[in-house]
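My questions will all concern the structure given below.
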Amino acid sequence: MNKKSNVKRLTFLGLCATVALLLSYVEFLLPPLFVAVPGIKLGLPNLIIIFLLYRLGWRAAVTVSMIRLLISSILFGSAMTFAYSLAGAVLSLLVMGLLKKTDLFSMTVVSIAGGVSHNLGQILVAMLLLNTPQIVYYMIVLAVTGTISGCFIGLCGALLVKRVSIDRFN
Amino acid sequence: MSTENKNVTLPHQHGKKFKNDLIFLAVLLSVILVAGLGVLLFRGAGDSVTVTVDGKLWAEYPLNEDREIEIKTERGVNLLVIKDGKAEIVRASCPDGICSDHRPINRDGESIICLPNKVVVTVRATRGDAPDVIS
């Protein structure tokens, strides 16, 4: 009885991973906003992750996020970018999962917290890998841009969760 | 798997969580503001630059003498120029050139970082005295 729904779930998560991967590619094509501060991004793949977090739960979001990360690092990145992205993704998944669980904040704020913690994770890894604590100064700039992009993603994500029906996948 | 999402509100609906959201944002923005102001106010000008490659000290130069240094490593070359008390990377062999786009630095703790070549140029205040503070 459960088999059919499992296949549907698997298919749906695979589809989500593909869309997230496409969004990372779109983001990869966009020119950087500020050349002087690397790491400023919209975080488009997070749109899918936060959609899954609210629709199918934390485990689905983690699964798709990790698959997306692995494939996009192989396709457009290197071992270094994989380490940065992994730290960012793990921290933001933890923060978003916990904040959602408290049920105190709206999706927009959960997404903002996710964006900022994603940047924080990357900065922490950069400090470790380069052995240079001064990088932490970048965090101030990244916290501001992370808030803005997180807000954007959160608003779009709320629309997605409200409007997109996934009934036929259940 | 529930597809009901009554607890997700659209922005114009001002849900019950609106107040919590504002508190969260206020805390986040004040942390950023305090950190930013702290960095701006409490960093005086430095008087030397240190160059580290792959986390190890490579060289140190005073900022008051103009000079050009080629930082040659196994990964590539960065041309460091010290002029008018400021340090700047003018040319670099790395593909992105983020370090050569960086503005000149002269304040204590400021740094230019070239990730591909693992080169970090940091301004230091070797005199050890704190920036001028009205006492």
From OG1 (A:Thr147) to CG (B:Leu28), nearest 0.5 Å: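 Reported value, rounded in 0.5 Å steps: 4.5 Å.
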Cluster link A:Leu29 to A:Phe76, ILVMFWY, side chain under 4.5 Å: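 Yes, it is one cluster - the side chains of A:Leu29 and A:Phe76 are joined through contacts under 4.5 Å.
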Segment of A:Leu104 engaging chain B (4.5 angstrom heavy-atom cut-off):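 For A:Leu104, heavy atoms of backbone and side chain both lie under 4.5 Å from chain B.
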Reported CG-to-CD1 distance for the pair B:Asp21 and A:Ile112, which is rounded to 0.5 angstrom: 8.0 Å
Where B:Ile32 and A:Ala143 come nearest, the two heavy atoms and their spacing: CD1-CB, 3.6 Å
Hydrophobic cluster identity match, A:Leu52 and A:Val164, side-chain contacts under 4.5 Å: yes
Joint cluster assignment, A:Ile49 & A:Leu70, ILVMFWY side-chain distance < 4.5 Å: yes
Flag side-chain contact, heavy atom, 4.5 Å: A:Phe105 against B:Leu25: no
More than 12 heavy atoms from other groups under 6.0 Å of OH on A:Tyr25: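 Not buried by this count: 12 neighbours or fewer within 6.0 Å.
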A:Val116 portion near chain B, given a 4.5 angstrom heavy-atom threshold: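 Answer is side chain: those atoms of A:Val116 sit under 4.5 Å from chain B.
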A:Val26-A:Ile50 co-clustered via ILVMFWY side chain contacts under 4.5 Å: yes
Crowding at CZ, B:Arg67 (>12 non-hydrogen neighbours, <6.0 Å): yes
From A:Thr108 atom OG1 to B:Phe24 atom CZ, the distance as rounded to the nearest 0.5 Å: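 Taking OG1 in A:Thr108 and CZ in B:Phe24, the distance rounds to 11.5 Å.
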Pairwise side-chain contact, A:Asp103 with B:Lys17, heavy-atom cut-off 4.5 Å (strictly under): yes
